Amino acid sequence: MLKKPSEEFIKDGAQNVTQKDVEKVIIRSEEIQRKFSAKGPLARFIEDGKLLIAIVKDYWAGAYRQIPYGVIASSVFTLIYVLNPFDMVPDVLPLIGQLDDVAVMGACLILFEQDLHKYKDWKIGQG
């Protein structure tokens, strides 16, 4: 099962996230969102992708800080990983190229499920 290696991969990658990486996610959020199109392996994560982008934006803007920075760093790492077409398995390979993106995205969601639910509840309360 890929769960453990993917979780470790995310935690390791999150340790190297910089302010520039956070800014990259915010600036390129629309491009990242397009990776979660209705077609392809990432389609199941359309709403989750929007949620990760929103939490990074709200954290960066100072609107939501009730979350450990490690969750933000891991979200940034995951979104940059999905954005990067030349990750472990290049996205130019049809279907197979996105399976590692799916594994990393899924692991991120499992790792921080409770934090993401708290944020989602907060976000709903803001609207």
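The model shown is predicted, which means the values in this text are computed figures rather than measured ones.
- Here the rule is side-chain contact (heavy atoms from CB on, under 4.5 Å) with K35, and of V82, N84, L79 only V82 fits it.
- Considering NZ of K50 and CD1 of I46, their distance stands at 7.0 Å, rounded to 0.5 Å.
- R34 and E31 are not joined by a salt bridge, as no carboxylate oxygen comes within less than 4.0 angstrom of a charged side-chain nitrogen.
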Apply side chain to side chain contact (heavy atoms under 4.5 Å, CB included) to K11 and L111, showing your working. CA-CA 9 Å; K11 288 179 182 178; L111 274 170; 3.7 Å; yes

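- Atoms CD1 and CD1, on I53 and I55 in that order, are 12.0 Å from each other to the nearest 0.5 Å.
- The two residues M105 and G49 make their nearest non-hydrogen contact at CE-N, 3.6 Å.
- To the nearest 0.5 angstrom, H117 atom NE2 is 8.5 Å from D121 atom CG.
- Taking CD1 of I67 as the reference point, atom CZ of F112 lies at 8.5 Å (rounded to 0.5 Å).
- Taking CG from L109 and CG from L51, the interatomic distance works out to 8.0 Å, rounded to the nearest 0.5 Å.
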Determine, stepwise, if the pair Y119 / D58 fulfils side chain to side chain contact (heavy atoms under 4.5 Å, CB included). CA-CA 10 Å; Y119 169 73; D58 282 340; 2.5 Å; yes

Going through the checks in order, is the side chain to side chain contact (heavy atoms under 4.5 Å, CB included) test met by I10 and Y81? CA-CA 10 Å; I10 291 169; Y81 189 87; over 6 Å; no

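- Between F77 and F9, the ring planes lie perpendicular to each other; the angle is over 60°, past the 30° to 60° tilted range.
- When all heavy atoms of Y59 and R65 are compared, the closest pair comes out as O-NE, 2.9 Å.
- Here the side chain of Y64 pairs no donor or acceptor atom with the backbone of A54 at under 3.5 angstrom.
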With side chain to side chain contact (heavy atoms under 4.5 Å, CB included) as the test, would you mind laying out the steps for L52 and D48 before giving the verdict? CA-CA 6 Å; L52 289 182; D48 297 320; 5.7 Å; no

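- Under a cut-off of 6.0 angstrom, the local environment of CD in Q114 is sparse, with at most 12 non-hydrogen atoms contributed by other residues, nucleotides or ligands.
- Here the shortest heavy-atom pairing between A73 and A14 reads CB-O, 3.5 Å.
- Atom CD1 of residue I110 and atom CG of residue L116 lie 11.5 Å apart, to the nearest 0.5 angstrom.
- A donor-acceptor pair under 3.5 Å links the side-chain atoms of D21 to the main chain of T18, judged by distance alone.
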